[in-house]
Amino acid sequence: MGNRIDGKAFADQLCESLKTEIESLVAEHQLRPTIAVVLVGNDPASHVYVRNKVRRCEQLGIESIEHRLTSSTSQTELLDLIEEMNQDSNINGILVQLPVPEQIDDKAVIDAIAPEKDVDGFHILNAGALAVGQNQMVPCTPLGSMMLLKDQLGDLSGMHAVVIGRSNIVGKPMANLLLQENCTVTVVHSRTKNIEEVCRTADILVAAVGIPQLVKADWVKEGVTIIDVGINRVLVEGTEEEGKSKLVGDVDFDQVIDKAAAVTPVPGGVGPMTIACLMYNTVAAAKKQTGIS
Ligand code: GUN
């Protein structure tokens, strides 16, 4: 039986140390890190994510400013708000929860955010910096996933890491971080031939495709370490809970846990780490903008 990686406990620990750091930033430098969170429209999952982010801010002593905009908000209105927040020196981090409604171009939104306030790490300059190994703001989910991997495995040098999914938010930055740790990296996606065969060669498997329980026992080799980034809401079937919904990952946890060395569960794995790393990036942004090392 493999190890269930406790992302919640790791995230709690990281947040505890951030809380202490924030207390000293406030006491010694009169600096209270501040993040602006923008939610456009009524996507139910986004509402939950934003609520969880704001709650973590409150626990840690990060000031959060919420902007809830209607689903009919125009691109110009959103870009004007971002520009206003770029100019506001009291705001250290800006996060626009994705997805945005279809009349708004998400690329235009991401690239309107000042790179030094882009705590998501999605801006083209931050993505480029990561690609050339000059990390600035690193996207939260890959950053949190990498912390869990290093905690589990120590030195990742020479390991074969397979990333399932090639999104700008997770797959590509994850591949870059794994390369920086001297892994041999393969990125597989919807057009990959023999995807299961490639996955079976992985020492490290990162699943980030958004397909519920795609990765089965016969996709993995004995002793693999698996990071499951998926958060999929599915209907429960065949039990007394029938008709209710639950969260599952991109990995069939119950199938792979006997073969793997370690696996992150969903929920309680990568999810809490994403939020903890958002807090980490916000504190880092606040310090950098204020010239505190
Ligand atoms: N939507 C899904 N994941 C994310 C994320 O990490 N950041 C933002 N801003 N939106 C998201």
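Order of appearance sets the numbers: ligands from 1, and atoms from 1 within every ligand.
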Query raised in the report: Side chains of K53 and Q97: do they bring a donor and an acceptor to under 3.5 Å?
Result: yes

Report task. Quick one: look up the protein heavy atom nearest atom 4 (C) of ligand 1 and list residue, atom name and how far away it is. Result -> Q97 NE2, 4.1 Å

Query raised in the report: Any salt bridge between R200 and D218, counting N to O under 4.0 Å?
Result: no

Report task. Starting from atom 9 (N) of ligand 1, locate the nearest protein heavy atom and write down its residue, its atom name and how far away it is, to 0.1 Å. Result -> D120 OD2, 2.6 Å

Requested in this report: Go through H160 and T201 one step at a time and tell me if the side-chain hydrogen bond (donor to acceptor under 3.5 Å, both in side chains) criterion holds.
Outcome: CA-CA 7 Å; H160 183 208; T201 66; 3.2 Å; yes

Requested in this report: Specify the protein heavy atom at minimum distance from atom 10 (N) of ligand 1: its residue, its atom name, and the distance to 0.1 Å.
Outcome: L98 N, 3.0 Å

Query - Element-labelled atoms of ligand 1 that are located less than 4.0 Å from some non-hydrogen atom of L95 - result: 9 (N)

Query raised in the report: Would a distance-only check, ignoring hydrogens and angles, find a side-chain to backbone donor-acceptor pair under 3.5 Å from E181 to S157?
Result: no

Query raised in the report: Relative to ligand 1, is T141 under 4.0 angstrom through side chain, backbone, both or neither, heavy atoms considered?
Result: neither

Query raised in the report: Going by the order shown, which atoms of ligand 1 are within less than 4.0 Å of some heavy atom of F122?
Result: 5 (C), 6 (O), 7 (N), 8 (C)

Query raised in the report: Which part of Y49 is near ligand 1, with near meaning a heavy atom under 4.0 Å away: side chain, backbone, both or neither?
Result: neither

Query raised in the report: D250 side chain to V209 main-chain N or O, any donor-acceptor pair under 3.5 Å?
Result: yes

Query raised in the report: ligand 1 and V96, any nitrogen or oxygen pair closer than 3.5 angstrom?
Result: yes

Query raised in the report: Is there a chain of hydrophobic side chains (I, L, V, M, F, W, Y, each step under 4.5 Å between heavy atoms) that links M85 to I110?
Result: yes

